[in-house]
Amino acid sequence: MTTKPVSGPDTVIRLENITKSYRGGDSIPALLEVCLTIHRGEFVFVTGASGSGKSTLIRLLTREIRATSGKIMVLGYDMQRIRRSQIALLRRRMGIVFQDFRLLEDRSLLENTMLAMKVTGAGSARSRKRARDILERMGLSGREKARPLQLSGGEQQKAALARALMNSPALLLADEPTGNLDMDSAMEIMDLLTEAHRAGATVLVVTHNMEIVEKVGGRLIRLDHGRVVYDSGPAERREDP
Amino acid sequence: MRHAIGQGIRGLFRNGWYTLVSLLTVTICLFLSGILFTVLADLGATLDRAARDVTVTVFFEPGITEEKILDYRAVILDREEVRDVVYVSAREAWEDFGQEYLGEYAADFDENPLADSASLRITMKDISRQKDLTAFLEKLPDVRKVNSSAGAARALGSAGTVLTYALAGTGLSLSLISLFLIYSTISAGIAARQKEIEIMKYLGATDGYIYGPFFAEGLLIGLTGACAAFFLVTILAGRTMLYLEESFPVLTEVFVFLPMGRIWRTLGPGFFGFGCGIGLLGSLLPVGRHLRV
């Protein structure tokens, strides 16, 4: 059953009283009664110290894990009730970027990028053309045949971002995308994320790098011990707490 | 489908030795089962022929009329385990005896010394039921004596049973070993591709896209093993039969060698069914265990 969004069509993410506790962990939940709404076209930063619940939030949004209680809607899907077969369809509408890039080391940059479209059943020729276009946009033209380990960290993250953008995602999730990069490379990645945002994607970036947050701007949500302690709000100009 | 088969073939080569060992085990399993089945089928045909030769003979009390004996013949012929009943008159019995043991001296006898030896000679469809038949015959009112070869019947029947158990036991043990090896091969493939699987899941790959290649890999191992065993059994059994017929022609008088075409009508579908089944099951178990979205 495909679930209907609880809010209007502009709501991309909605969390209602979300609590997540891990089995076998300590008694403190990773997220506690979190309420949050993110609308289409927003650029959102989620910050917080280690253990604040940032990564748990990302894992809930990708449906890698299920919430202990509460309700999550992502791109119209009720994540507590979503069927196994629908998870794949949902993820095709998302682009996900990780701190550790998660590129396949035995494949070329082009093959890594193409994979995002090939898993959807697209043909090789179409995937190749699209991958070349996006890699060019990322400034990786001429590096298509290189293996990930032949590239710098910044280039690897650009490739990961290229792969995330292959299916023109409605929602782009980035989990510490600049965590392993120097400031220049980090800003290049943020510029590309901003470009994707301008092209129409809703972007949610988890980071602990406040310098980047300052430079890029956008909505800021701060987590602490699993609770939202600050939210600049969707339409307001943010003031750092 | 194309993706699953292509990746499945790639997986076969990627797993190298694991694939080879699984393939050899399936081949050996089917080869040995095929050889045992061939021997069993030949033995079955030999038993069938022997059953025609093993007879039960019924003698009647003196003075019984031919008409009465023929009535008994009809009663015996109705029994399920009986193939045929031949009436041997006293005169025929004496002629047979004379020809076999007396030769020209038989003509010296004016009277038939076997005057009361008219009998019914029974051949059976199922010689393992000879004991039941003998018990039935001995209870008939006019029966004087029943001659049977219980020992031969028992020996022939038990040889078949032993071989059937051997076939089942060997087949089962080797099937379990094959299953375990295919399971290990697919598990190793999944472990080697764990990172790729995780990434594909994040990119929105369906279960079919991820699992398909592993099913194809298992299926290919099973089918290739079945094909290899098919050719091995055909070549080996064919050549063995030819050699035995040429070198030991006396064996063909004792044993029945069925033509391979007749054996393959049963064995062929069995081989390919087993190959597909063991391949799919060997993939299904690790896929179910290892892959979670």
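In this structure, no portion of A:S85 lies under 4.5 Å from any heavy atom of chain B. Of the two parts of A:R107, only the side chain, counted from C-beta on, holds a non-hydrogen atom closer than 4.5 Å to a non-hydrogen atom of chain B. When heavy atoms are compared at a cutoff of 4.5 Å, B:Y202 approaches chain A by way of both its backbone and its side chain. Proximity to chain B involves both the backbone and the side chain of A:L115, based on heavy atoms less than 4.5 angstrom apart. Proximity to chain B is limited to the backbone of A:L103, based on heavy atoms less than 4.5 angstrom apart.
No side-chain donor-acceptor contact under 3.5 Å links A:H208 to the backbone of A:T47.
Under 4.0 Å is where a charged nitrogen must lie from a carboxylate oxygen, and between A:E111 and A:K118 no such pair does.
Taking the side-chain hydrogen bond (donor to acceptor under 3.5 Å, both in side chains) definition, one finds that A:T194 meets it with nothing, sequence neighbours left out. Residues passing the side-chain hydrogen bond (donor to acceptor under 3.5 Å, both in side chains) test with A:R126: none are found, sequence neighbours excluded.
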Begin with the C-alpha distance, continue with both residues' side-chain angles, and end with the deciding distance and a verdict on side chain to side chain donor-acceptor pair (under 3.5 Å) for B:S283 and B:Y211. CA-CA 9 Å; B:S283 327; B:Y211 302 167; over 6 Å; no
